[in-house]
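Below: one structure, written as structure tokens.
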2 protein chains.
Amino acid sequence: MTLPKRRGRNISDVHESDRPLVTVDIIIFTVRDSDLQVLLVKRNVLPFKDCWALPGGFVRMNESLEDAAKRELMEETGVHDVYLEQLYTFGEPARDPRTRVITVAYFALISSEKLTLKAATDVSAVGWFAIKKLPQLAFDHDKILAYAVKRLRWKLEYTNIVYSLLPDKFTLTNLQNVYEIIIDRQFDKRNFRKKLLSLGLLKDTKEMTQDVSHRPAKLYSFKKRSLEIRAVL
Amino acid sequence: MTLPKRRGRNISDVHESDRPLVTVDIIIFTVRDSDLQVLLVKRNVLPFKDCWALPGGFVRMNESLEDAAKRELMEETGVHDVYLEQLYTFGEPARDPRTRVITVAYFALISSEKLTLKAATDVSAVGWFAIKKLPQLAFDHDKILAYAVKRLRWKLEYTNIVYSLLPDKFTLTNLQNVYEIIIDRQFDKRNFRKKLLSLGLLKDTKEMTQDVSHRPAKLYSFKKRSLEIRAVL
DNA sequence: TGAATAGTGTCTTTCAGACAATATGCC
DNA sequence: GGCATATTGTCTGAAAGACACTATTCA
């Protein structure tokens, strides 16, 4: 008994016209105005001209996939040093009507704080959209986005990733709001605070909110702003 | 204020020589001989000639990534209908010394039962290797494999995926052994059984093991052989 | 003193984890 | 009876979840 002949194992077997294109698309999430929002760009070329799409572009020959994603992120938001992780690779042969395009999707999380500092997103055809009120999207971007939301919800429950969506200092109410907005469920205030404080992830900054017309709240910060995998909720 | 100029957005901007190659590599796991094992093939071409590597090959223009992975799986093991999921996409520019090759890694789980029925893996340069006794691997395949093991362990704890590593009927001891081998930790027999039975995933087949020279054990099967995400351990 | 939000404690139930003796079938 | 493995229950501590009142600041 012999093994089936292996085709395509040798690099010289692959003609240039047989090479698919590779892009990265990036799902940039933030929490703004009590909504989970995503950054979309309006296409100005065919196909799907004038349709909203995830920001993305071709991977250059000498950059890694992550570098390509970072470049796109920088181009769209002017922000760097945000949370970024590879999501999934979508490669159905017909997902782009022009030719075979395989896209590696990344997702990024940006705190609303960084946004108000740097975003120039009102200019031109770039915009933030609430997940619950999305326009029609180009290609299979609705599918990609749905998958990203699933991953984000999971990460929020099972890691400390929420740090990437909050400013350096925040109140426990801020924190709870982010959870409630993204997971789309209400939590009991006492249980939520008890749980989060017991995890030992937070540091009391000894500061209080200023200029509020009611009782001020304690400000907390994260001891570590790096990913840890452990159940949070 | 204007956005930076976007490059590479138009398909005609991408010259053929700028197109990376895309492959799929597949990590095929099984539990055999009290070990977590992975299928490797011996390369017969440069680079890394005579080195062991993950089975894989180029993605054809008209097949999806998953189809490409299934094709590789079929070619290497003669098995279909196994658990298969996309793992991660590796695309460092220098990961292949010849040219830019981006690989989409998949991992597959096969029950030892199916293997003994169909595998023809002793032929030619294909072999099963215990995770703890790996040879040196080609390219960045050691990194890919390490990531796959991590994902497998995680999936075992947080989903019912273990069904894909067991025959239709199995004893609770069989089940516990698979967990202990993969997670590399011992579990208390009473607590393990209590937990697994309480999840309601298993069905008592009313059959017993035959031809053992000691007390026979009950045989169980899974109610559903499809992925469910819920903590198992 | 009223409006708005911050902050806090108890009880119940469930689950994880530690732990050892008895049952069954074969030789 | 001896060997090998299967099967079973209790206790304790920790954590999840349900639940409501007091505290503080400002206008």
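All values below were derived from every heavy atom in this structure, side-chain atoms included, with hydrogens, water molecules and symmetry-related copies excluded. Quick note on labels: first sequence line is chain A, next is B, and so on, each numbered from 1.
With hydrogens and angles ignored, no donor-acceptor pair closer than 3.5 Å exists between the side chain of A:Lys218 and the base of C:dG7. With hydrogens and angles left out, the side chain of B:Arg215 and the base of C:dA23 share a donor-acceptor pair within 3.5 Å.
Looking at heavy-atom distances under 4.0 Å, B:Thr173 makes contact with sugar-phosphate atoms alone, never a base.
When the side-chain nitrogen and oxygen atoms of A:Lys194 are compared with OP1 and OP2 of D:dA16, none of them lie within a distance under 4.0 Å.
Between A:Leu166 and A:Arg225 the shortest heavy-atom distance is O-NH2, 3.1 Å.
Using bins of under 30°, 30° to 60° and over 60° for the plane-to-plane angle, the ring pair A:Phe192/A:Phe187 lands in the tilted bin. Relative orientation of the A:Phe29 and A:Phe107 rings is perpendicular, given thresholds of 30° and 60° on the angle between their planes.
Nucleotide C:dC15 holds its C1' atom 14 Å from the CG atom of B:Leu233, rounded to whole Å. If you take CZ of A:Phe192 and P of C:dT5, they are 18 Å apart, rounded to a whole angstrom. Summarising the geometry, the separation between CD on A:Glu207 and C1' on C:dA6 is reported as 17 Å, rounded to the nearest angstrom. Atom pair B:Asp188:CG and D:dA6:P shows a separation of 15 Å (rounding to whole Å applied). In this structure, the CG atom of B:Asp211 is 12 Å from the C1' atom of C:dC26, given to the nearest Å. In this entry the distance linking CG of B:Leu175 with P of D:dT5 reads 18 Å, nearest Å. The nearest whole Å value for the distance from the CZ atom in A:Arg190 to the C1' atom in C:dT5 is 15 Å. Whole-Å rounding puts the A:Arg185 CZ to D:dA18 P distance at 10 Å.
Residue A:Asn191 is the one, among A:Met208 and A:Asn191, whose nearest nucleotide of DNA chain D lies closer to the 5' end (criterion: closest heavy atom). Both B:Lys195 and A:Ser213 lie near DNA chain C, and the one whose nearest nucleotide falls closer to the 5' end is A:Ser213.
Using a 4.0 Å cut-off between charged nitrogen and carboxylate oxygen, A:Arg153 and A:Glu157 do not count as a salt-bridge pair.
Of the options A:Tyr88, A:Tyr106, A:Trp154, a ring-ring contact (aromatic ring centres under 6.0 Å, His included) to A:Tyr147 is made by A:Tyr88 and by none of the others.
Picking from D:dT8, D:dA4, D:dC19 the nucleotide with the shortest atom distance to the side chain of B:His214 gives D:dA4.
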